[in-house]
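Below: one structure, written as structure tokens.
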Amino acid sequence: MKPEDFDFVSRLIKSKSGLVLSQDKTYLLESRLMPIARKRGLKDLTELIGAMRGGDRVLVEEVVDAMTTNESFFFRDTKPFDQFRHVVLPHMIKERASKRQLRIWCAAASSGQEPYSLAMILDEFKSQLAGWRVDIIGTDISREILTKARAGLYSQFEVQRGLPIQLLVKYFQKKEDQWQISQEIRSKVQYKEFNLLEDFKSLGQFDIVYCRNVLIYFDQPTKSDVLARAAGLMPDDGFLFLGGAETVLGISDKFKPLARQRGIYQLNRPGAPEVDVSALEKIQAGAAAAAAGAAAGGAATGGFTFAKPKHMQNAAGAAGTGATPARPGLSTGTTARPTTGTTGVAGTTARPGLAGTTGAAARPGATGTTARPGIAGTTGTTRPGTTGTTGTTRPGTTGTGTTGSTYSRPSTIGTGSAGSGTTGTTGSTYRRPLGTTGSTGTGSTPPVRPSTGTGSTPPARPSTGTGSTGTGSTGTTRPSTTFDRSRFGKPEDKK
């Protein structure tokens, strides 16, 4: 498109609709005007623009209509409709009790989803509004889009955008491959072709004005002018709704934001009343709590609570929401992973799989509160698999002790054919885990699994018994006795 053609079309569109097209929107202009050129049998945009320059008014209307954005869906952005339901409508029902009349203007109605969303909310209040006259006026610059709005026909995709399923079932009927809103709801809305650049006086007075997502397409002077003329249609306690990207700040002094509520404005006049927003704030606080619960696994966004699957429910956490299951295998302990509302059985932190009694921390195999997985033992400090009383010896020796104990590590046990036991010193403790009490001898049997008794006994798991050679007294010997080092070195290598 030639620069001079773009300038001509953009000026024409602004004068007709207020829509401002910057130079970087050339692609948008071309994509929307080419279908019109093809429909009219014109070769390209140059011929189309030539016809517009020639004064084809119908073509100009088609072009302006094509450039108008008609994006809309039911309950768009949610918040403006919550504000209408919980703040504005209760206020109006109270303040208009004597007049029993309410007028609402949707200034950019598009295909009708916004005014129909308001009509469905009003239907919820029909008992409070019995005997009232309630008018919803929907206007738009596009004649074609208003035809669609009046029909109330929407595709499956359109009804899935923002419309709760319960309202679809209640207010819509299937019509071939589309959905049509009920005649009762359609009768609540009147549609009119209207340009926001025109004089508003013909529309009458409105208590509530929805002018959402349209000012963003205007330049600053046009925005200010539209807001000033809208203020002239409203009573002192009227309400104005703007889109999420729109504001009156720095544009117009005719309106002021409603306290603690974004996107809704009151007239900036002495007669503007204080409005109770506490009911909505409670709902918003509840929605925020529900969202937090959803993040912790307790509730879904929007305040709809869903029960957890049974395998995720914490039986101990009857109170609180969003409780997090403890680590696998914990039966006691107050502290596991962070939880809310879960009270554990008295105890301290334990690692997975262990239930123990109160005691000092011990290595695996000892009884205590804090221990490693899966081991239960008697009181004392030993290494895995060892159960014993007083006194140990190094592997490989069989001796006679007053009290014997089992081996810890696999080692050789043979017949104590050589050497004599020495009397152990009572009360000493090894640094390394050792075997039986008493003195040591030299074993001649090759390494086998630990066992006790004479050297002729087949390999067995650790047990206690009486060796055939050597004597010892009750107690624990220091690591200075003679023992079999056939696995670790030469027999004569002694310490």
Side-chain angles (χ1 to χ4, degrees), residues 75-77 79-110 112-140 185 187-192 194 196 198-215 226-243 246 248 252-280:
F75 298 96
R76 184 177 182 179
D77 301 330
K79 188 173 183 178
F81 300 95
D82 287 340
Q83 292 167 330
F84 177 74
R85 178 188 283 111
H86 300 295
V87 175
V88 175
L89 197 52
H91 173 81
M92 289 298 179
I93 290 174
K94 178 181 178 181
E95 296 299 318
R96 301 293 187 274
S98 59
K99 294 174 58 177
R100 301 168 74 85
Q101 184 174 339
L102 185 65
R103 297 193 82 228
I104 304 169
W105 178 26
C106 293
S110 187
Q113 286 95 323
E114 181 178 85
Y116 287 144
S117 296
L118 295 174
M120 285 186 274
I121 294 175
L122 287 168
D123 191 65
E124 298 174 16
F125 287 79
K126 58 186 175 184
S127 60
Q128 293 98 311
L129 294 172
W132 282 57
R133 177 180 175 179
V134 180
D135 297 323
I136 304 176
I137 311 298
T139 66
D140 201 278
I185 298 299
S187 66
K188 295 180 183 294
V189 184
Q190 303 171 50
Y191 290 100
K192 181 178 180 179
F194 188 77
L196 292 179
E198 298 173 6
D199 190 348
F200 290 176
K201 292 179 181 178
S202 62
L203 298 174
Q205 190 180 64
F206 293 98
D207 302 293
I208 303 164
V209 175
Y210 274 74
C211 188
R212 303 177 61 230
N213 306 307
V214 63
L215 295 183
V226 169
L227 290 171
R229 288 185 286 122
L233 300 179
M234 303 170 66
D236 291 344
D237 62 346
F239 294 90
L240 170 70
F241 287 86
L242 297 181
E246 298 166 329
V248 301
S252 174
D253 60 358
K254 303 296 182 182
F255 294 93
K256 63 181 181 180
L258 182 65
R260 304 188 301 280
Q261 292 298 317
R262 183 183 177 88
I264 180 172
Y265 302 85
Q266 289 181 282
L267 285 160
N268 193 18
R269 297 175 187 166
E274 291 293 326
V275 180
D276 182 11
V277 297
S278 60
L280 178 59

Please test Phe241 against Val209 for side chain to side chain contact (heavy atoms under 4.5 Å, CB included), starting from the C-alpha separation and ending with a verdict. CA-CA 6 Å; Phe241 287 86; Val209 175; over 6 Å; no
Residues in side chain to side chain contact (heavy atoms under 4.5 Å, CB included) contact with [X], at least two apart in sequence or another chain:
X      : value
Ser202 : Lys192, Phe194
Ala230 : Phe200
Ser117 : Phe74, Phe75, Phe81
Arg100 : Trp132

Between [Y] and [X], is there a side-chain heavy-atom distance shorter than 4.5 Å?
X      : Y      : result
Phe239 : Met92  : yes
Leu240 : Ile264 : no
Leu203 : Phe206 : yes
Leu118 : Ile208 : no
Ile137 : Val189 : no

Under the side chain to side chain donor-acceptor pair (under 3.5 Å) test, which residues partner [X], sequence neighbours left out?
X      : result
Thr139 : Trp105
Gln83  : Gln261
Asn268 : none
Ser278 : Asp276

Determine which pairs satisfy salt bridge (Lys or Arg N to Asp or Glu O under 4.0 Å) with at least one residue from [range], sequence neighbours left out, and list them in order.
range            : value
residues 255-272 : Asp236-Arg269, Arg260-Glu281
residues 84-98   : Asp82-Arg85, Arg85-Glu124, Arg96-Asp207, Arg96-Asp237
residues 128-138 : Arg103-Asp135, Arg133-Asp135

Within the side chain of Glu246, is there an N or O that forms a donor-acceptor pair under 3.5 Å with the backbone of Val214?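 Checked: pair present.
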Under the salt bridge (Lys or Arg N to Asp or Glu O under 4.0 Å) test, residues paired with Asp253 that sit two or more places apart: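 In terms of salt bridge (Lys or Arg N to Asp or Glu O under 4.0 Å), with neighbours along the sequence ignored, Asp253 is linked to no residue.
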Would Arg212 and Glu114 pass as an ion pair if we require N to O under 4.0 Å?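 A salt bridge is present here (some side-chain N lies under 4.0 Å from a carboxylate O).
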What pair of heavy atoms forms the shortest contact from Leu267 to Ala231, and how long is it?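 Shortest heavy-atom separation between Leu267 and Ala231 comes out as CD2-CB, 3.7 Å.
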